[in-house]
Amino acid sequence: MSKRSIAQDSPAALDAVVVGAGITGIYQLHRLKEMGLSVALYEDGAGVGGTWFWNRYPGARFDSESYSYGYFFDEQLLQEWDWKELFASQPEIEQYLNYVVDRQSLRPLIHSNTRVVGAFFDEDTALWTVTLGTGESVLTKYLVSAVGILSAPFTPDIPNHELFRGEMHHTGRWPQTPVSFKGKKVAVIGTGASGVQIVPVIAGEVETLTVFQRTPNWATPLNNRPISAEEMAEIKATYPAIYEKVSQNKSGLPHDADPRSAFDVTEEERLEKYEALWNSPGLRKITENFRDTELDSKANTMFTEFLEKKIRSLVNDPSVAERLIPKDHGFGGKRPPFEAGYFEAFNRENVSLVDMRADPIVTFTEQGLNTVKGHHEFDIIVLATGFDAGTGALLRMNIHGREGLSLADAWKDGPRTLLGVMVPGFPNLLIAGGPHGTRGNVPRSSEMHVDWISDLINFTEQKGSKWIEPTPEAADAYTAHVYETAGGGKHGSTQASAWYNGGNIPGKANHFLLSPDPHPEYRRRAREVADDGYRGVTFA
Ligand code: NAP
């Protein structure tokens, strides 16, 4: 594609704007730059990394294997980068992403500290006006969102938060200046993956730590370890095979599904398998479990009985152990966290657990928090309260398509997309790593979108079209497919309150927000659309 091929009628316009410098946006920027487009990336954060910039709380790290999470598009990068740990920590990940940005000479195209606050499509010029928090605006032909599905932090509406005189930090907006916990009275509200990661890391540093738990989760050991030089050499030598494996895996992970039913084996074999899973790294407890653990309630209960025993063996006080055992959902009913010393942290004298079902938080005070049963004084309150997942980050961008239609209105009944990537009424808006398209290992999921989007832009430019938009019929058919598929099997048994059903946000409509398709199936579906001349896409 020739340079400056696009938007020639409007020389002030860029070919493309990418929003978000996370792992998805960086790859999207690289692809568009390689295609010779004029492109700029806008990022709210002071640096690159997206999730891995903002979630810099102590203990933040991957729970997908590092070597399956990084980029695969650059052979030299694969050979140059040494992952230090099986599950890299936030500082290492941030360092990696900065390394990639510099290696690909992307930094001059990235505008950090620049939030996109609005985007308006003009039908006469077929351009987007993207308004920035700086007060400036830019014109672009293509607007590519890479804002992620877990990036708009959710803060519960606990009364009088402005009264609190201490420090308060959301895990998803952690400050760049390190927070000193030494000798402090600390509260952690929330016991999802983020809360479970931070608790054991700060427990030894703080004077007291009070964990406010509303719903316990089925946390299991992450089993992290360093990657030796020999192992890294072996990984480097086998990257093509690793990529083939993650591409074939339904969640984009380098794991081997177990075709057996939990009822195919003897009790002894079953317990041996559970023990092996407990000792296995990260998400394998889900992906390598018996095929029916998440599908069959009896099989699920057999596994959770095993987990209950583990929790009871790790926590000294039986009443605390009991409160840490989930009662309202089975394993996989909500996205389980992975822990490193979480349960043992409750054996420390300085760590206590408040069960918010029995003793809810009523209000902030100047010194801390009032619960129904009493007052708790804190120097620091950590909100590990999650995200307005899937749609939150997209909708707060204030996007308006044809005839001034806002994306918030267009999606009032939930996302309506073709492949999670294109939205009827929003020409030339392309979404990488968004709702109804993303699942499992996020970089492996969103790279499918980035590649598809880049090819589509190329195709559109070859055709000389001014704008592209999915037909309402194509978007409706895909959206119906999402809900039909998600309604059956595994997702039918998930908790409505899970973030990927929108249920963690008060008042948010319950809709399944992920891609229901295993990665190979999503790829096949997307390829089929492309091979059929982008069936369901209108070229104007
Ligand atoms: P989350 O799973 O949504 O957990 C939020 C926690 O805050 C829950 O315990 C929730 O309780 C609690 N909470 C929400 N509103 C509350 C309120 N009004 N009062 C009291 N408690 C409240 O969020 P997260 O832990 O940030 O994790 C979100 C997702 O991000 C994870 O599932 C995972 O996909 C991803 N993540 C990944 C990693 C990793 O890869 N290593 C690390 C962190 C996060 P209820 O359960 O009762 O609603």
Side-chain angles (χ1 to χ4, degrees), residues 23 50-52 54-66 68-69 85-90 93 148-159 161 169-174 187-199 201 210-219 222 224 251 253 281-283 286 324 326-329 332-340 342 353-357 359-364 369 371 381-390 392 438-443 445 494-508 513-514:
I23 200 152
T51 284
W52 300 108
W54 290 112
N55 289 264
R56 51 180 63 244
Y57 58 86
R61 58 173 69 250
F62 287 157
D63 56 19
S64 301
E65 283 79 353
S66 305
S68 76
Y69 201 97
E85 292 180 273
L86 190 55
F87 301 104
S89 66
Q90 182 277 333
I93 304 162
I149 54 166
L150 287 161
S151 47
F154 166 66
T155 299
D157 193 13
I158 302 168
H161 63 93
H169 304 291
H170 193 291
T171 48
R173 273 287 179 285
W174 202 259
V188 171
I189 305 177
T191 54
S194 304
V196 163
Q197 281 189 333
I198 193 171
V199 162
V201 179
T210 310
V211 180
F212 289 86
Q213 169 191 271
R214 193 166 61 182
T215 317
N217 283 301
W218 292 111
L222 180 66
N224 188 29
S251 306
L253 290 161
L283 286 146
I286 309 172
L324 289 168
K327 306 286 187 300
D328 72 335
H329 65 282
K334 286 169 89 174
R335 204 291 204 167
F338 295 93
E339 58 85 39
Y342 176 69
L353 178 68
V354 174
D355 175 359
M356 291 181 60
R357 301 269 176 210
D359 186 17
I361 296 173
V362 180
T363 178
F364 280 97
L369 291 165
T371 62
I381 296 178
V382 174
L383 298 167
T385 47
F387 302 90
D388 182 356
T438 309
R439 163 192 179 131
N441 188 357
V442 171
S445 199
T494 62
Q495 283 293 106
S497 61
W499 58 256
Y500 49 79
N501 289 320
N504 64 324
I505 304 296
K508 184 168 172 174
L513 292 166
L514 301 176

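First listed ligand is number 1; within each ligand, the first listed atom is number 1. Side chains are part of it too, since the values below use all heavy atoms of this structure and drop only hydrogens, waters and symmetry mates. Residue numbers start at 1 and run along the sequence shown.
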Asker: Does T191 have a non-hydrogen atom less than 4.0 Å from ligand 1?
Answerer: yes

Asker: Using a 4.0 Å cutoff against the non-hydrogen atoms of F154, which atoms of ligand 1 qualify?
Answerer: 15 (N)

Asker: Checking a contact table here: which protein heavy atom is nearest atom 10 (C) of ligand 1, and how many Å away?
Answerer: R214 NH2, 4.4 Å

Asker: What are the two closest heavy atoms between W499 and R335, and how far apart are they?
Answerer: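 In this case the closest contact between W499 and R335 is NE1-CB, 4.2 Å.
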
Asker: Can you check side chain to side chain contact (heavy atoms under 4.5 Å, CB included) on L514 and I149, steps first, answer last?
Answerer: CA-CA 9 Å; L514 301 176; I149 54 166; 3.7 Å; yes

Asker: For atom 18 (N) of ligand 1, what's the nearest protein heavy atom and its distance?
Answerer: P156 CB, 3.1 Å

Asker: May I ask you to list the atoms of ligand 1 that are less than 4.0 angstrom from any heavy atom of M356?
Answerer: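 Within the 4.0 Å cut-off of M356, ligand 1 contributes 19 (N), 20 (C).
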
Asker: Between G333 and Y500, what is the shortest heavy-atom contact and its length?
Answerer: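 That would be O-OH, 3.2 Å.
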
Asker: Under 3.5 Å, is there a donor-acceptor pair between the R357 and T215 side chains?
Answerer: yes

Asker: Atom 41 (N) of ligand 1: which protein heavy atom is closest, and how many Å away?
Answerer: R61 O, 2.5 Å

Asker: Which residue holds the protein heavy atom closest to atom 30 (O) of ligand 1, what is that atom called, and what is the gap in Å?
Answerer: L150 CD1, 3.5 Å

Asker: Checking S68 against N441 for the side chain to side chain contact (heavy atoms under 4.5 Å, CB included) test, could you report, in this order, the C-alpha distance in whole Å, the side-chain angles of both residues, the deciding distance, and whether it holds?
Answerer: CA-CA 8 Å; S68 76; N441 188 357; 3.3 Å; yes

Asker: Taking heavy atoms and a distance under 4.0 Å, where does Y57 meet ligand 1: side chain, backbone, both or neither?
Answerer: side chain

Asker: Does the Q90 side chain pair with the main chain of N55, one donor and one acceptor, at a distance under 3.5 Å?
Answerer: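 Between the backbone of N55 and the side chain of Q90 there is no qualifying donor-acceptor contact (under 3.5 Å).
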
Asker: If you measure from each heavy atom of S497 to ligand 1, is any distance below 4.0 Å?
Answerer: no

Asker: Got an N/O contact under 3.5 Å between D63 and ligand 1?
Answerer: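 Right, the criterion is met.
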
Asker: Please list, in number order, the atoms of ligand 1 under 4.0 Å from a heavy atom of F62.
Answerer: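 Those of ligand 1 that fall under 4.0 Å from F62 are 41 (N).
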
Asker: On the 0 to 90° scale, with breaks at 30° and 60°, tag the H169-W174 ring pair as parallel, tilted or perpendicular.
Answerer: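 Taking W174 first and then H169, their aromatic rings sit tilted (interplane angle of 30° to 60°).
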
Asker: Students should be able to answer this: which protein heavy-atom is nearest to atom 2 (O) of ligand 1, and at what distance?
Answerer: G192 CA, 3.7 Å

Asker: Does ligand 1 have an atom that lies less than 4.0 angstrom from a heavy atom of Y500?
Answerer: no

Asker: Among protein heavy atoms, which lies nearest atom 12 (C) of ligand 1, and at what distance?
Answerer: G190 CA, 3.7 Å

Asker: Distance under 4.0 Å to a non-hydrogen atom of A384: what atoms of ligand 1 satisfy this?
Answerer: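 Counting from 1, the qualifying ligand atoms are 5 (C), 6 (C), 7 (O).
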
Asker: Once you restrict to heavy atoms under 4.0 Å, what part of F338 touches ligand 1? Side chain, backbone, both or neither.
Answerer: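 Looking at F338 and ligand 1, no heavy atom falls under 4.0 Å.
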
Asker: Tell me which protein heavy atom sits closest to atom 47 (O) of ligand 1, plus the residue, atom name and distance to 0.1 Å.
Answerer: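 In this structure, atom 47 (O) of ligand 1 has T215 OG1, 2.4 Å as its nearest protein heavy atom.
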
Asker: Which of the listed options, G59, G195, S194, holds the heavy atom that is closest to atom 24 (P) of ligand 1?
Answerer: S194

Asker: Answer yes or no for F87: is there a heavy-atom contact with ligand 1 below 4.0 Å?
Answerer: no

Asker: Please indicate whether any nitrogen or oxygen in K334 is less than 3.5 Å from any nitrogen or oxygen in ligand 1.
Answerer: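 Among all N and O atoms of K334, at least one is under 3.5 Å from an N or O of ligand 1.
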
Asker: So, is W499 polar-close to ligand 1, with some N/O to N/O distance under 3.5 Å?
Answerer: yes

Asker: Can you find an N or O of A193 that's nearer than 3.5 Å to an N or O of ligand 1?
Answerer: yes

Asker: Can you list the ligand 1 atoms lying under 4.0 Å from a non-hydrogen atom of F387?
Answerer: 26 (O)

